[in-house]
Amino acid sequence: MQRMHTLNKYERLKSKKLIERLFKEGNRFSVFPFKVVVLAGSFENSSSPVQFGISVPNKVVPKAVNRNRIKRQVREAWRQNKLSLYEQLQKTETSADGQVIQLCVMLIFTSKKACTFDFIQRKLRKVIFQLGEHYG
RNA sequence: UCGCAUCGCAUGCUAUCGCUGGCUCAAGGGCGGUUUUCUUGUGAAAUUGACCCGAUGGGCGAGAGGAAAGUCCGGACAGUGUAGAGCGACCACACCACCUAACUGGUGGGACUUUGUGUAAUGCGAAGGACAGCGAGUGCCAUAGAAAAUUUCCUUUUCCGCCUUUUUUAUAGGCGGGAAUGAGGGUGAGAACCCGACUAAUGGUCGGGCUGUUUUCUGGUGACGGGAAACAGGGGCAAACCUUGUGGGCUGAAAGCUCAAAUAGGCUAAGAGGCUCAGUAUUAUUUAUAUGCUGGGCGACCUGCUGCUCGCAGGUUCUUGGUGGGUAGAGCGUUAGAGGCGUAUGGCGACAUGCGUACUAGAUAAAUGAUAGCACCGGGUGAAAUUUUUAAAGUAGCUCGGACAGAAUUCGGCUUAUCGCGAUGCGGUUUU
RNA sequence: GAUCCUGUAGCUCAGCUGGUAGAGCAUAUCACUUUUAAUGAUAGGGUCCUGGGUUCGAGCCCCAGCGGGAUCA
């Protein structure tokens, strides 16, 4: 765990197949501006503990500029706050029988209004806390 | 100071933390070569390479728009196909000349309509438009009106017949029939081109004007403008069907090309394969038996012929190997271009040509940023010190705002959205 | 990226090749009923998505825009 505040290719959810599987089999819960879909298991295409994706529906935010901005803000917040989740996952890995647990997380943004960065960050911390409770 | 038109710009800097792809250095791994060592096995270690990978760490430089948008046109490119060949259908366009790779784009011009202004008069300026054809055909023109298009309802003119009045004829009136005509008839968006003279009449003739066609002279590359003669008077609608002319093959990067796992299915090769009868061949041979081939019947399943039954026709299973197609996925297409900037020449202009110059966005659940601070620009409000007629100053400060909008193969246009700023030109108002 | 359809009353839809914009449900009032529902009668309610154009006259024809929806791996 040298550099934590990064978000490179292999920490992002990119495989179309995996996303389809995630939506078919994953568990769902929601924290107000987000709907979260999670799938636990071990995936071969990446060594990262968590693969993360954000989706903003076209119907909720009609303009592409605003959609991009929300995605960037959420990605930024995730980047800065994912550290605690990673630590919890590593703890369980070492204490249990060495089975690697990886998570796929997809956030769906559902608020129609634009939010400030602070608000998004607070809510995202709550999401990460809940993920840690369930899988950590 | 306000408005219009055209052109240009589209807030910047710093700090912290990040993203994408490129080059490069270094760890690390793979592969190959060489050497050493031993317990001789394709083991271990070391070293090396214009080699490959590289999710790790440095360094360097790059990274959204004028509309990236809408997807409304036209290309490039790709596939199909032979189609920079014809015909038909369908679609698009339509004054002229030019520009362009091309266009429904652009530039310049012509006629028309509207409008402003001015003159004795011709004029001058601005704006507008899909400005071929209804003097080919078909269709439509509600209500109103006689009639909405080779007019015929009334009135009018004239001729014939009958009746009435009258001594009779004539005249006058009425009725019926024939002919002529389009002057008049509440209308309507639109009414048979308009005015005058002659006459039975409104016809016809003559004169003048308007419009159109043909011929001709003239200016212009041309649309068209100016004049003369003859003929004609046929209302509007083609953003009604349509006619004429011109152009277009169709499909779009989710195009398309290459590599390619598992499963299922296709084709093909080999092997095995329900019961029974007949014929035939081989082995063996006295028969019988075994195997192969051909044909028939029976049984099971599927499909079709009519929904069901009968009947008829066709087909059939398993194992292994090969093969081509091809899905998930990956790569290419994929970023340098009919391009930008400067300058010279030609052209009224769109633009063309020559020379010089600088380049490099390339993502794919989709990068090009997030947070904070400062500056800058614009609007509103609005001091004080100081000097003092007044200026300082619409300054400082406070406050609000900084738009529209995010590449997705690419280029040229069009359209739409847009806080503002600057330049040029034209016009208005105020002051000097 | 490409292609296509659609917009009319509060809702669902008609409106033929242009000539005074309609139906059903809903709403309001009245009648019926002890009351409600159902039923009957009456009434109100329209930017025909927006802006231009053609025409004497556009819901309809043409152009541009805005909104909604669908299809193509």
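The structure displayed is predicted, hence computed values, not measured ones.
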What is the separation between atom [atom1] on [X] and atom [atom2] on [N], rounded to the nearest whole Å?
| X | N | atom1 | atom2 | value |
| --- | --- | --- | --- | --- |
| A:Asn81 | B:rG18 | CG | C1' | 14 Å |
| A:Asn68 | B:rA363 | CG | C1' | 12 Å |
| A:Arg67 | B:rA363 | CZ | C1' | 16 Å |

If you measure from the [atom1] atom in [N] to the same atom in [M], how many Å do you get, rounded?
| N | M | atom1 | result |
| --- | --- | --- | --- |
| C:rU71 | B:rU410 | C1' | 26 Å |
| B:rG188 | B:rA142 | P | 13 Å |
| B:rC411 | B:rA361 | P | 11 Å |
| B:rU143 | B:rG137 | P | 27 Å |
| B:rC318 | B:rA363 | P | 50 Å |
| B:rG299 | B:rA288 | P | 31 Å |
| B:rG125 | B:rU246 | P | 39 Å |
| B:rG108 | B:rG129 | P | 16 Å |

Can you tell if the side chain of A:Ile128 reaches within under 4.5 Å of the side chain of A:Trp78, non-hydrogen atoms only? yes

Cluster overlap A:Val36 with A:Phe129, hydrophobic side-chain contacts below 4.5 Å: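 No; tracing contacts between hydrophobic side chains, which count when under 4.5 Å, never links both residues.
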
Partner of [N] by Watson-Crick or G-U wobble geometry, both contacts under 3.5 Å, or none?
| N | answer |
| --- | --- |
| B:rG401 | B:rC377 |
| B:rC312 | B:rG304 |
| B:rG190 | none |
| B:rG292 | B:rU280 |
| B:rA69 | B:rU415 |
| B:rG333 | none |
| B:rU268 | B:rG321 |
| C:rA41 | C:rU29 |

Checking [X] now: which residues fulfil side-chain contact (heavy atoms from CB on, under 4.5 Å) with it, not counting sequence neighbours?
| X | answer |
| --- | --- |
| A:Arg28 | A:Phe23, A:Val37 |
| A:Arg72 | A:Asn68, A:Arg75 |
| A:Val31 | A:Phe29, A:Lys123, A:Lys126, A:Val127, A:Gln130 |

Are A:Leu107 and A:Leu124 close enough, and set up right, to give a side chain to side chain contact (heavy atoms under 4.5 Å, CB included), and what steps lead you there? CA-CA 10 Å; A:Leu107 297 182; A:Leu124 201 72; 3.5 Å; yes

Glycosidic class, syn or anti, of [N] using a 90° window around 0:
| N | value |
| --- | --- |
| B:rG66 | syn |
| B:rU335 | syn |
| B:rA64 | syn |

Atom NZ of A:Lys71: over 12 foreign heavy atoms under 6.0 Å: yes

What pairs of nitrogen or oxygen atoms, one from the protein and one from nucleotides 66-72 of chain B, lie under 3.5 Å apart?
none

Hey, what's the ring geometry for A:Phe34 with A:Phe109, parallel, tilted or perpendicular (30° and 60° as the breaks)?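 Aromatic pair A:Phe34/A:Phe109 classed perpendicular.
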
From CD1 (A:Ile120) to CD1 (A:Ile70), nearest 0.5 Å: 6.5 Å

Using a 4.0 Å heavy-atom cut-off, does A:Lys71 contact any base of the nucleic acid, only the sugar-phosphate backbone, or nothing at all? nothing

Give the intermediate values and the outcome of side chain to side chain contact (heavy atoms under 4.5 Å, CB included) for residues A:Val74 and A:Phe52. CA-CA 11 Å; A:Val74 172; A:Phe52 162 78; 4.2 Å; yes

Enumerate the protein-to-nucleotides 368-373 of chain B contacts in which both atoms are nitrogen or oxygen and the separation is below 3.5 Å.
{"residue": "B:rU368", "atom": "OP2", "partner": "A:Arg72", "partner atom": "NE", "Å": "2.8"}
{"residue": "B:rU368", "atom": "OP2", "partner": "A:Arg72", "partner atom": "NH2", "Å": "3.0"}
{"residue": "B:rG369", "atom": "N2", "partner": "A:Glu76", "partner atom": "OE2", "Å": "3.4"}
{"residue": "B:rA370", "atom": "OP1", "partner": "A:Arg69", "partner atom": "NH1", "Å": "3.1"}
{"residue": "B:rU371", "atom": "OP1", "partner": "A:Gln73", "partner atom": "NE2", "Å": "3.2"}

Please compare A:Asn66 and A:Gly53 by the position of their nearest nucleotide in RNA chain B and report the one closer to 5'.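 Residue closer to the 5' terminus by nearest nucleotide: A:Gly53.
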
Any N/O pairs under 3.5 Å between the protein and nucleotides 11-16 of chain B? List them or say none.
none

Identify the residue among A:Lys35, A:Met106, A:Arg67 that makes a side-chain contact (heavy atoms from CB on, under 4.5 Å) with A:Ser55. A:Met106

Contacts of type side chain to side chain donor-acceptor pair (under 3.5 Å), residue A:Gln121, not counting sequence neighbours: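 Result, side chain to side chain donor-acceptor pair (under 3.5 Å) vs A:Gln121: A:Gln80.
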
Looking at residues at least two apart in the chain, or sitting in another chain, which of them share a side chain to side chain donor-acceptor pair (under 3.5 Å) with A:Arg125? A:Asn81

